[in-house]
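Inspection log for the structure reproduced underneath, given as structure tokens.
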Amino acid sequence: MAKGFAPRIRFWMLALCILAGYGAIGYRLVELHVIDGPGRVSEIQNSRYRVIPLNSRRGDIFSYDLNGGRELFATSQTFLEVGVDPVSLKESDLAKLPQLSRVLGLQLALVEKVFAAKNGRFTGDESSRSDRWRLLRRRVDESTYQKITNLKISGLYGTRQYERVYPKDSLGAHLIGFIGGNGQAESGIEKEFDFYLSGQRGWRESEVTAGREMAQFQRRNVPSRDGMSLALSIDSFVQHSIEEELKLIAETYKPESATIIVSDPHSGFILGLSNYPTFDPNHYSKYEISSHKNRALTDPIEPGSTFKIVAASSALEEGLVNIHDTFDCSIPDLRMPTGYVARLPKDWKPFGVLSVEGIVTNSSNRGVAHLGTLVGYDHFYEYVRRFGFGERTGLNLGVESRGIVHPVRKWDGLTLSRMTMGHSLSATPLQIHNAMATIANGGLLMRSQVVTKILDTNNKETVSFGKMVRRRVVSRETARTMSQLLMKTASSGGTAHKAAIPGYIVAGKTGTAQKLVNGRFSSRQHTGSFSGYFPADNPEVVITVIVDGSTIGMPVSGSGTAIPSFRRIAEKLIPYYAITPIDSKEAFAMTEDASRIAASN
């Protein structure tokens with residue numbers, strides 16, 4: 001009995017072992033095919049197929065010169081980002097690493113570190129090379145990449161990238177903006193028109209072997225779409241001229257900031273715009289962030305006497321005065337429409353009785369207060385808003401301030417008498433510029449623009465931007481009258497007589513505003529400005545120069561600081577645009593006739 005029992009025990013033990021073995025095999029098969037199956041299939045697919053990004057080329061930003069040639073402000077250069085796929089590396093290729101290091105101009109130790117190799121051998125096991133991408137060199141040109149390809153190293157490949165460059169360096173920096181290190185548009189046209197410029201990235205999925213793409217086994221291919229290009233209204237010569245002038249201002253006065261704007265008054269298109277301080281978008285990180293600001297749009301200031309055109313225009317437009325009506329500007333007090341008797345600000349020199357013409361040409365603070373009082377609170381506020389103050393200009397260059405224009409309900413007894421002379425409100429340099437351009441354009445306020453066309457990758461025009469009228473501010477007759485008064489202001493006997501250019505009729509207005517220092521208006525720190533246009537009878541350009549203070553204590557004023565800059569820029573633009581001079585006798589006659597023409601309106 002015992003002898004028969006032992007064989008049976010051994011049989012069942014053997015059977016149990018065999019069953020357990022088959023069970024283990026079955027479990028492993030279930031684990032491989034059912035539990036881990038999807039993951040392993042995905043791993044195999046990932047090692048067999050690769051999704052390769054296809055970067056799009058960002059469109060160019062350029063302008064046309066007078067001969068129709070292109071002036072390139074921003075473009076994209078091609079380079080390759082070279083890296084390795086550690087999974088696809090072969091040990092037999094490691095002997096080529098010294099050659100690769102010489103081609104790339106890198107130390108052999110650095111190349112070996114990326115390849116996880118030393119002396120022709122891998123330094124770790126396969127698990128240490130499980131990642132699919134290691135960067136070797138970020139910027140490689142096409143010719144160097146061809147030499148790398150000729151080495152035929154498995155798992156070594158490059159991805160085509162595009163780098164944004166700005167051929168004109170700092171020229172037009174605040175207009176163009178820049179692309180940040182993360183590839184994102186940060187400011188200016190680059191940001192506001194990013195949708196058109198950036199294009200659309202593509203991708204393709206291909207089978208790879210030994211780290212190389214097998215083009216014949218592509219599974220999916222979504223081609224990239226290159227970005228569109230933008231044509232600007234900016235004139236490279238004008239832009240260069242105003243930036244050279246800003247350099248001179250910076251050297252002479254060391255201002256806190258300065259802005260110069262040049263535009264076509266009839267279309268509203270910007271021909272040149274620049275600020276101090278500025279920056280080079282190729283090396284934007286080397287400059288203080290404050291220098292990136294487009295101060296023409298972001299930094300409102302008190303406009304000072306350039307704003308007096310609003311008071312004079314509104315009184316003339318309402319038919320309340322003509323240019324020969326007189327006011328006693330020696331009286332220190334004036335009754336406001338509410339009945340409040342306001343103490344009037346002093347003039348830059350004592351005046352007696354002045355006509356409306358004299359108030360404008362002599363820039364009388366008390367005189368414009370009289371005009372504003374005639375117009376009244378609500379109507380004057382309406383004209384301030386009509387001229388574009390207190391609202392954005394619509395120039396698509398990024399962040400823009402509305403300035404500050406308080407509603408009438410927040411005015412006190414002195415507000416009207418101060419606002420007429422350009423205090424008690426703030427405006428951006430572009431708003432100040434546009435107000436003067438409105439007079440030059442016969443009373444029409446235009447929308448400021450800088451992009452004229454959008455072109456596709458075949459340089460075919462897809463979108464064209466024409467001039468856009470925002471609204472009529474004053475009648476053509478009133479604008480003509482104001483223009484005649486501003487001509488006299490910028491001629492002999494006027495406060496802006498230094499702006500006169502022999503052979504040409506200039507119209508414009510100076511402004512000198514006290515700056516707030518420690519909460520009080522300073523008698524030594526000023527913002528000097530001049531906004532004008534020429535030829536006054538048929539304006540071709542409007543030029544505004546604003547210099548905000550001086551960090552070295554130099555005196556800053558509209559006539560002493562801004563006008564000389566205006567004149568130097570104007571004298572450069574005359575031959576460039578071939579602006580025809582008028583006979584000196586004719587110029588004298590036009591000035592003498594100003595009063596008679598204005599009076600007839």
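Computation of the quantities below employed the complete heavy-atom set of this structure, encompassing side-chain atoms and omitting hydrogens, waters and symmetry-equivalent molecules.
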Do [X] and [Y] pair up side chain to side chain, a donor and an acceptor below 3.5 Å, judged on atom types alone?
X: K308; Y: S305; answer: yes
X: T478; Y: E317; answer: yes
X: Y533; Y: E540; answer: no
X: S491; Y: H497; answer: no
X: R70; Y: N459; answer: yes
X: K509; Y: S363; answer: yes
X: E243; Y: T278; answer: no
X: D412; Y: Y340; answer: no

> Are the ring centres of F307 and H423 closer than 6.0 Å?
Replying inline: no
>> I'd like to know whether the aromatic ring centres of H406 and Y381 sit less than 6.0 Å apart in this structure.
In response: no
Heavy-atom donor-acceptor pair, [X] side chain to [Y] backbone, under 3.5 Å:
X: S229; Y: I61; answer: no
X: T252; Y: I249; answer: no
X: H174; Y: K293; answer: yes
X: D264; Y: G268; answer: no
X: Q449; Y: G466; answer: yes
X: W348; Y: N362; answer: yes
X: R470; Y: L445; answer: no

> Among all residues two or more places apart in sequence or in another chain, which pass the side-chain hydrogen bond (donor to acceptor under 3.5 Å, both in side chains) test with R568?
Replying inline: E245
> By side-chain hydrogen bond (donor to acceptor under 3.5 Å, both in side chains), which residues pair with D378, not counting sequence neighbours?
Replying inline: none
> Where does the angle between the aromatic ring planes of F178 and F279 fall among parallel (under 30°), tilted (30 to 60°) and perpendicular (over 60°)?
Replying inline: perpendicular
>> Can you tell me how the ring of F193 sits relative to the ring of Y196, calling it parallel under 30°, perpendicular over 60° and tilted otherwise?
In response: tilted
> Can I404 and L425 be said to form a side chain to side chain contact (heavy atoms under 4.5 Å, CB included), step by step?
Replying inline: CA-CA 5 Å; I404 300 174; L425 81 162; 5.9 Å; no
>> The test is salt bridge (Lys or Arg N to Asp or Glu O under 4.0 Å); show your working for E461 and K453 and say whether it passes.
In response: CA-CA 7 Å; E461 183 180 309; K453 298 177 183 178; 3.6 Å; yes
Could you tell me whether the side chain of [Y] reaches within less than 4.5 Å of the side chain of [X], counting heavy atoms only?
X: S529; Y: I432; answer: no
X: I569; Y: I242; answer: yes
X: S63; Y: D235; answer: no
X: Y577; Y: L66; answer: yes
X: Q431; Y: F387; answer: no
X: P564; Y: K498; answer: no

What closest approach, in Å, do [X] and [Y] show between heavy atoms, and which atom pair accounts for it?
X: R366; Y: S330; result: NH1-O, 3.2 Å
X: I579; Y: Y504; result: O-OH, 2.8 Å
X: L485; Y: T361; result: O-CG2, 3.8 Å
X: V262; Y: L573; result: CG1-CD1, 4.3 Å
X: M228; Y: T462; result: SD-OG1, 4.1 Å
X: P429; Y: T259; result: CB-CG2, 4.0 Å

How long is the gap from [atom1] on [X] to [atom2] on [Y], to the nearest 0.5 Å?
X: L175; Y: I234; atom1: CG; atom2: CD1; value: 4.5 Å
X: M436; Y: S483; atom1: CE; atom2: OG; value: 9.5 Å
X: I505; Y: L486; atom1: CD1; atom2: CG; value: 13.0 Å
X: I176; Y: E190; atom1: CD1; atom2: CD; value: 7.5 Å
X: L374; Y: F327; atom1: CG; atom2: CZ; value: 5.0 Å
X: K168; Y: N282; atom1: NZ; atom2: CG; value: 12.5 Å

> Checking ring-ring contact (aromatic ring centres under 6.0 Å, His included) for the pair F269/F465: CA distance, chi angles, key distance, verdict?
Replying inline: CA-CA 10 Å; F269 280 106; F465 298 95; 8.3 Å; no
Look at atom [atom1] of [X] and say whether more than 12 heavy atoms of other residues, nucleotides or ligands are closer to it than 6.0 Å.
X: H266; atom1: NE2; value: yes
X: R524; atom1: CZ; value: no
X: K467; atom1: NZ; value: no

Are [X] and [Y] ion-paired here, with the side-chain N under 4.0 Å from a carboxylate O?
X: K247; Y: E244; result: yes
X: R402; Y: E391; result: no
X: K515; Y: D548; result: yes

>> side chain to side chain contact (heavy atoms under 4.5 Å, CB included) for D299 and T428? Distances and angles first, verdict last.
In response: CA-CA 6 Å; D299 289 13; T428 64; over 6 Å; no
>> Could you go through R385 and E382, starting from their C-alpha distance and side-chain angles, then the distance that decides it, and tell me whether this counts as salt bridge (Lys or Arg N to Asp or Glu O under 4.0 Å)?
In response: CA-CA 5 Å; R385 297 304 300 267; E382 180 184 341; over 6 Å; no
> Can you tell which of N396, N434, T393 makes a side-chain hydrogen bond (donor to acceptor under 3.5 Å, both in side chains) with S448?
Replying inline: N434
